[in-house]
Each structure stands twice: as structure tokens, then as C-alpha cells.
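Working notes for the structure below.
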Amino acid sequence: MSTSRMPLALRALRNILWIMVVFGTMGLVLSMIGFSVMTEEEIHQETGTGRSASIALMLPTVVMLLVKAYVAASLSRGGRAQRWCVRVLTASYLLPGLVLLLVLDVTGLFEIAVGLLYLALNESRSARNWYRSRATAAAPEAAPPGPATDTASSGGGLPVPDASAPTP
């Protein structure tokens, strides 16, 4: 495994992800506390839905927080999979941000800005080189292909002749 240090751009990305996870978790906890002290009528007046529907609508946020926590925790491993996880996370910001802009909601700008920040940090030259070095360091040495053997039926690991080959 490569001992190269994670680039500053990826360390910044990881820290931003953890900050978003902490603030998102605090927001969810405060929402749950607010829903527990409000009456059903107050919740309906504020959200337009009932208590259970309002809590159910928080499930996508919980899922996104878990995804962000996973990406932040696994980012230091490097490699292709982690790079694609950040790209998927970036898309989860850019697409809703564009939809919000299409319906003329200004909050879409924040979503797009966060997505572009993630993308810029993840696709920087130092990050690409580091991902590439981690992917090649983690790849096992490829063994040259040898003859196929069937140890279970041939009695001791002897090569099994190919059935399609003509016999002399």
C-alpha cells in the first residue's frame, strides 16, 4: 500500500463532509425535539403535514447523512471506488440544486455551490494523482494464466483434458 499522504484538497473535502454530517445530525435532533414538544395542530400549521409524515420526510436526510459519513470515513483509503462515491455525492447536490433553480428557488444556488466545491476538490490534479497511486498500490499482482485444473474430480490436482479436444 502506498504511504503517500492524502492531498490537502481531499483532506479539506473530508473535513467539510464531517462538518456537514455534524450540522445535519444536530438539525435532525433539533427537529425531532421540536416535533416532540409541538401539538399535532402546530405541526400541521407549520409543515402542512402531520407528525408522522413530517418525521418520515426526514428519512432521506438520514440516508444522506449516513452516505456522507461513509464517504468521509472511507476517503483516506483512496482508489476508484472512493472517487466514484464522491462523484455520486456531488451529483446528489447538483441535480436537486438544478431542479430548485428551475422552480426559481434561490436555495438551489447553495446546493450547486456545495456540489461544485466537492467536485473541484475531488477532481484536482493532486487528488487524481493520489487516487491513481492508491488504486495501483492496492491492486494485486496479476498471476499469469495457467492450465485449468479440477482438483475435486481429477484426484489430486492433475489437469483435466478438454472435452472438446479430439483424442488420438
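Along the sequence shown, residues carry numbers from 1. Predicted, not measured: the structure shown is a model, and the values here were computed from it. Computed from heavy atoms alone, side chains included, the values below leave out hydrogens, waters and symmetry copies.
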Quick one, Y131 with L75, criterion side-chain contact (heavy atoms from CB on, under 4.5 Å). Give me CA distance, side-chain angles, the key distance, then yes/no. CA-CA 10 Å; Y131 279 130; L75 194 60; 3.2 Å; yes

Summary of ring-ring contact (aromatic ring centres under 6.0 Å, His included) pairs that have at least one residue in residues 10-47, sequence neighbours excluded: none

Residues passing the salt bridge (charged side-chain N to carboxylate O under 4.0 Å, His left out) test with E41, sequence neighbours excluded, are none

Identify the two heavy atoms, one from A69 and one from V21, that lie closest to each other, and give their separation to 0.1 Å. N-CG2, 3.7 Å

Residue list, side-chain hydrogen bond (donor to acceptor under 3.5 Å, both in side chains) with R132, at least two apart or on another chain: N129

Could you report the tightest heavy-atom contact between A9 and S124, atom names first, then the distance? CB-OG, 3.6 Å

Would you say R11's side chain and M6's backbone share a donor-acceptor pair under 3.5 angstrom? yes

Could you tell me whether the side chain of L10 reaches within less than 4.5 Å of the side chain of L13, counting heavy atoms only? yes

Contacts satisfying side-chain hydrogen bond (donor to acceptor under 3.5 Å, both in side chains) that involve residues 56-75 (not counting sequence neighbours) are K68-Y93, Y70-R77

Report yes or no: do L66 and L28 belong to one cluster of Ile/Leu/Val/Met/Phe/Trp/Tyr joined by side chain heavy-atom distances under 4.5 Å? yes

Exercise answer: donor-acceptor pairs, residues 98-117 side-chain atoms, under 3.5 Å, sequence neighbours excluded:
{"unit_1": "D105", "atom_1": "OD1", "unit_2": "T107", "atom_2": "N", "d": "3.4"}
{"unit_1": "D105", "atom_1": "OD1", "unit_2": "T107", "atom_2": "OG1", "d": "3.3"}
{"unit_1": "D105", "atom_1": "OD2", "unit_2": "T107", "atom_2": "OG1", "d": "3.1"}

Other than L57, what residues sit in its cluster of Ile, Leu, Val, Met, Phe, Trp and Tyr side chains whose heavy atoms are under 4.5 Å apart, directly or through others? none

Sorted by chain and number, sequence neighbours left out, side-chain hydrogen bond (donor to acceptor under 3.5 Å, both in side chains) with Y118 holds for none

As an exercise, state the distance from CZ of R80 to SG of C85, rounded to the nearest 0.5 Å. 13.5 Å

Heavy-atom pair with the smallest gap, counting every atom of E42 and M38: OE1-CA, 3.3 Å

How does the hydrophobic cluster around L30 look, that is, which other residues are in it when side-chain heavy atoms under 4.5 Å mark a link? none

Output all residues satisfying salt bridge (charged side-chain N to carboxylate O under 4.0 Å, His left out) with R14, sequence neighbours left out; order by chain, then residue number. none

Residues at least two apart in sequence or cross-chain that pass side-chain hydrogen bond (donor to acceptor under 3.5 Å, both in side chains) with E123, listed by chain then number, are R83, R87

Quick one: salt bridge (charged side-chain N to carboxylate O under 4.0 Å, His left out) partners of R51, sequence neighbours excluded? E40

Let me check something: do V22 and I19 share a hydrophobic cluster, defined by ILVMFWY side-chain heavy atoms less than 4.5 Å apart, either directly or through other members? yes

side-chain contact (heavy atoms from CB on, under 4.5 Å) with S92: which residues, sequence neighbours excluded? M64, L89

If hydrophobic clusters are built by linking Ile, Leu, Val, Met, Phe, Trp and Tyr wherever their side-chain heavy atoms come under 4.5 Å apart, do V86 and M20 end up in the same one? yes

Within the 4.5 Å heavy-atom criterion, are I55 and M58 side-chain neighbours or not? yes

